[in-house]
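These notes are about the structure you will find just below.
In this chain, residues are counted from 1 in sequence order.
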Amino acid sequence: MTITSVLVANRGEIARRVFATCRKNGIGTVAVFSDADADSPHVAEADASVRLPGNTPAETYLRGELIIAAAKASGADAIHPGYGFLSENAEFARSVIDAGLTWIGPPVESIELMGSKVESKKIMDAAGVPVLSELDPAAVTDAHLPVLIKASAGGGGRGMRVVRELSALDGELEAARREAQSAFGDPTVFCERYLETGRHIEVQVMADRHGGVWAVGERECSIQRRHQKVVEEAPSPLVQRIPAMRDKLFDASRLAANAIGYEGAGTVEFLADEKGDFFFLEMNTRLQVEHPVTECTTGLDLVELQLQVASGDTLPDEQPEIRGHSIEVRLYAEDPAKNWQPQSGTVHHIELPGDVAEFSVLREQGVRLDSGVVDGSVVGVHYDPMLAKVISYAPTRTAAARLLGSTLARTRIHGLRTNRDLLVNVLSHPAFIAGDTDTAFFETHDLEKLSTPLADTDAERLSALAAALADAAHNRASARVIGRLPSGWRNLPSQPQSKSYSTASGDYDVRYFLSRSGVLSAEGFDDVSLVSATASRVVLEESGVRRSFDVAVYGSEIFVDSSLGPVALSAAPRFVDPSAEVAAGSLLAPMPGSVIRLGAALGDTVTAGQPILWLEAMKMEHTVTAPTAGVLVELPVAVGQQVEVGSVLARVEEPATEEEA
C-alpha cells in the first residue's frame, strides 16, 4: 500500500511536525483549519488546505465527518490524527477506514480497548501489568482521600481534579465532566487513589501488523502543572539509577501492546515510586507531544515509522540503542505566578539564538524547535496556549539541561507573558540537576520562587534606561530639524528628560540629561555611561563593564533583551484617559472567554475568595473569585456571554466602616 497524500486532522505544531516528515518522504500534505486558524503557519505550509467553518473544537476539529469530506475533496488518501482532538476516537478511525482512506494509527479495536481508562486497567491487570485500582466516585470515602478524578476518554490534564476533602467531591466531579465533554465529547470520569509524590514514567512502543513490537525507550515526564506535562526527558534519571527497572518496564509495555494487538506508535504510561515499583496509568493510542526526546535519543523518526507501518511495512529486526540525553520543555503563553493563567494575544516576535533545527531528529549536540507559531501569530482562546516545544540533545543529562536553559534564557519572545523564566529556573535547580523530579516538584520547591523573573530589579532599571535612550535616539533619527542634537537638549541646563515605565514587578521613572557630545547624566545611575544608542540597540557601560540592550517597540509595549535577562516594559501614557479607569472592587476578565456559570447573584453578600463566576477559555475552566468580603453590586454578564480581556465581570463593594458611616 502506497500513501501519496496525508491530511492531518489537527492544527498548529502537530500538523507542522507531520508535514515535515511527509515532505522529507515525498508525500503530499493537506491541512484543515478553523476560522480562527486561517492564518496559521500549518495552513500556509500544506500543499492544500480545507476550511472547517467555525472556531471552537466542537465546531471544527472534532467534526469527523467534515475532516473525511476534506480528505475526499483534496485527494488525500490517508489521515494522520496527530495528538489530541480525534486522535483516540475509535469511531473516527472506523469512519476513516470505511471511507476507503488509510488510517495512520492503531487498529480500531485497540483504540476501543484503551479508550476507556476504566476498562483498560482491567485488561492490563489480566495481562499481568501492575495497575492502580479504579474507584467508583459514588463509593469514595474519607479513607480513600486524596483521590484523582480523571476523564475516561481523554488526556492532557483536561477533566482531571485532585480531591482532598470529601465535601468538594461532587463539585469537582461536575467540573471534570464539563471539561471532559468540552475537550473530548465524552463526560465520563472515574476516580483512583492519588499518590502525592511519584514519578511519571512512560514507554514508547512501536508495533507492526506482522507481530513485531518494539519498546523503543522510556521517558520521564514528572514535572507537571494541572496534571499536564511541562518538562520531559529521555532516558529517565530514575530508571538510570535502578538496575533492571528498564527491562521490567519494557516487558510490561510489550505485554500491554500484545494484549490488545497493537500497531503503530503508542505510549504506555506508568506511575512509579523511588524504589522502582510502577503501576499502569493508561495507554495513549497515538503519538505523544513529547515524542521528540525519544527521536533524539534513538535517531528514529517516529512519524516516518508510523507511515511505514500504516503502509504495511515490517519493523527492522533490531531496534536502535539509546544514546545521549534529550530534554524537552513546553513553552506556554501563561503566567505561572498567577495560578498558570493562560494568556492570549499576538506573538510579535519569537527567535531562538544560534543554529536551531526545526522538526528534525538531532543526531549531534544541539537544539530543536517544534512550534505552531511565527511572528505575528495570534494566540486565541479556543485552543491550548502552547507556543512551542524546545528540545535539547547532548551526550549527558547535565549538558542537555545547561544547553536548553541557556537557549531559553537568550530566546526573544515579544508580545505575550510566558512560562519561559520558570522553565529556565527549573532546568538550573539543584533538585532537577540531581534527577529528583517527582510530580510534586512545583509544590516541593516553591512555585513562587521558581517563577522569579530572570531579570532582577537592577536589570529592569538598566533596561528601562536603555528603553528611554532608544526612544530618544528614535526621536532624533526621525526629527526633521536639528536632528543631530540630543533629544531635549537646551543651551542652558533645564529639566531632565523623563520617561515612566511599568513591569510586572514595579514602576520605573527614568530621568536623564544628554549633552551635545552624547554624555549621559541619569538620576540614580552614577556609574553608568552611554557608549552608543540607536532606536533598536543601546550599549551602556556600568563600572567598566559594557552590555548591549536590544530594544523592540510595539505601541506602548517595549521588550528589552540583554545578558541580564529579558524585560517587558509598558510605557506610561502622558495623559490618563478617565474612561479607562474602573471602580474599586471590580473583577476584570483575566483573559477572553465564555461565561459558563454564575456562583452569586446581584445583591448577594459574598466572602473573600468566594467564586463569583466561571470562565471557559483554552479548553479549561477558570474561577473568578471575590477579592474581598462585601456586596455584589454589579454583575453585567450572563451565562453564555463572550467577554474580552479586561472587561468588568462584577463589582464587590465593601461594607462601610463605622468611621465612614
Side-chain angles (χ1 to χ4, degrees), residues 146 157 162 164 195-200 220-233 237-238 274 327-343 385-390 392 397-398 400-411 413 416-464 502-508 559-569 590 609 620 622-623 625 627:
V162 177
R164 294 184 172 85
L195 303 183
E196 292 282 3
T197 60
R199 307 288 282 252
H200 185 111
E220 180 155 345
C221 313
S222 298
I223 299 182
Q224 304 178 6
R225 61 100 167 100
R226 289 180 170 174
H227 311 290
Q228 195 168 39
K229 301 160 190 172
V230 178
V231 182
E232 302 113 341
E233 59 182 309
L238 175 67
E274 295 295 331
I327 304 174
E328 171 182 297
V329 293
R330 303 190 191 188
L331 183 65
Y332 283 102
E334 66 183 10
D335 189 347
K338 293 185 178 178
N339 196 30
W340 310 100
Q341 187 180 97
Q343 309 290 298
M386 189 175 79
L387 300 179
K389 302 179 314 195
V390 187
S392 67
R397 184 174 185 271
T398 300
R402 184 173 58 242
L403 174 60
L404 185 54
S406 173
T407 298
L408 286 168
R410 293 181 293 129
T411 293
I413 308 170
L416 288 171
R417 188 179 301 281
T418 73
N419 65 338
R420 181 260 301 276
D421 292 3
L422 171 87
L423 297 173
V424 175
N425 290 332
V426 167
L427 291 167
S428 62
H429 195 280
F432 180 84
I433 297 301
D436 297 332
T437 54
D438 62 31
T439 53
F441 191 89
F442 291 128
E443 290 79 8
T444 302
H445 300 293
D446 191 349
L447 177 60
E448 185 176 350
K449 286 184 179 179
L450 290 169
S451 301
T452 302
L454 299 180
D456 60 18
T457 53
D458 287 339
E460 288 190 344
R461 288 178 64 251
L462 280 171
S463 296
S502 62
T503 70
S505 58
D507 298 327
Y508 297 92
F559 297 87
V560 183
D561 293 288
S562 76
S563 60
L564 297 176
V567 175
L569 302 164
M620 301 288 283
H622 308 275
T623 307
T625 61

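Not a single donor-acceptor pair under 3.5 Å links the side chain of Arg420 to the backbone N or O of Leu331. At distances below 3.5 Å, not a single donor-acceptor pair connects side-chain atoms of Ser406 with backbone N or O atoms of Arg402. Looking at Asp335, its side chain never comes within 3.5 Å of a backbone N or O of Arg417 through a donor-acceptor pair. The closest donor-acceptor contact from the side chain of Arg397 to the backbone of Ile433 lies under 3.5 Å.
Atoms NZ and CD, on Lys389 and Glu328 in that order, are 5.0 Å from each other to the nearest 0.5 Å. Residue Leu387 holds its CG atom at 8.0 Å from CG of Asn419, rounded to the nearest 0.5 Å. In this structure, OG1 on Thr452 lies 9.5 Å from CG on Leu447, to the nearest 0.5 angstrom. The CG atom of Asp421 sits 11.5 Å away from atom CG of Leu450, with the distance rounded to the nearest 0.5 Å. The NE2 atom of His445 lies 7.0 Å from the CG atom of Asp436; values are rounded to the nearest 0.5 Å. Taking CD1 of Ile327 as the reference point, atom CG of Leu423 lies at 11.5 Å (rounded to 0.5 Å).
Here the side chains of Leu454 and Pro566 are in contact, with some heavy-atom distance below 4.5 Å. With a 4.5 Å cut-off on side-chain heavy atoms, Asp456 and Leu564 do not count as touching. At a threshold of 4.5 Å between non-hydrogen side-chain atoms, the residues Gln228 and Trp340 do not count as touching.
Smallest separation of non-hydrogen atoms from Ser463 and Val567: OG-CG2, 3.5 Å. What you find for Ala464 and Leu569 is that their closest heavy atoms are CA-CD1, 3.9 Å. Between Leu403 and Ser392, the shortest heavy-atom distance links the atoms CD2-CB, 4.3 Å. In plain terms, the two heavy atoms of Ser222 and Arg199 that are nearest each other are OG-CA, 3.3 Å. Minimum heavy-atom separation, Pro385 to Pro342: CG-CB, 4.1 Å. Scanning both residues, Leu416 and Ile413, for their nearest heavy atoms gives O-CG2, 4.5 Å.
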Taking it one step at a time, do Asn339 and Arg226 satisfy side chain to side chain contact (heavy atoms under 4.5 Å, CB included)?
-> CA-CA 10 Å; Asn339 196 30; Arg226 289 180 170 174; 3.6 Å; yes
Yes or no on side chain to side chain contact (heavy atoms under 4.5 Å, CB included) for Tyr508 and Thr457, after CA distance, side-chain angles and deciding distance?
-> CA-CA 10 Å; Tyr508 297 92; Thr457 53; 3.9 Å; yes
For side chain to side chain contact (heavy atoms under 4.5 Å, CB included), just list the numbers for Phe441 and Val230, CA-CA rounded to whole Å, side-chain angles, deciding distance to a tenth of an Å, and then say yes or no.
-> CA-CA 11 Å; Phe441 191 89; Val230 178; over 6 Å; no
Could you give me the CA-CA distance, side-chain angles and deciding distance for Phe442 and Ile223, then say whether side chain to side chain contact (heavy atoms under 4.5 Å, CB included) is met?
-> CA-CA 8 Å; Phe442 291 128; Ile223 299 182; 3.6 Å; yes
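A salt bridge links Arg225 to Glu334: at least one charged side-chain nitrogen sits closer than 4.0 Å to a carboxylate oxygen.
In summary, of the residues considered (His429, Glu233, Glu220), a side-chain hydrogen bond (donor to acceptor under 3.5 Å, both in side chains) with Thr437 occurs for Glu220 alone. When each of Gln224, His227, Glu232 is tested with His200 by the rule side-chain hydrogen bond (donor to acceptor under 3.5 Å, both in side chains), just one qualifies, namely Gln224.
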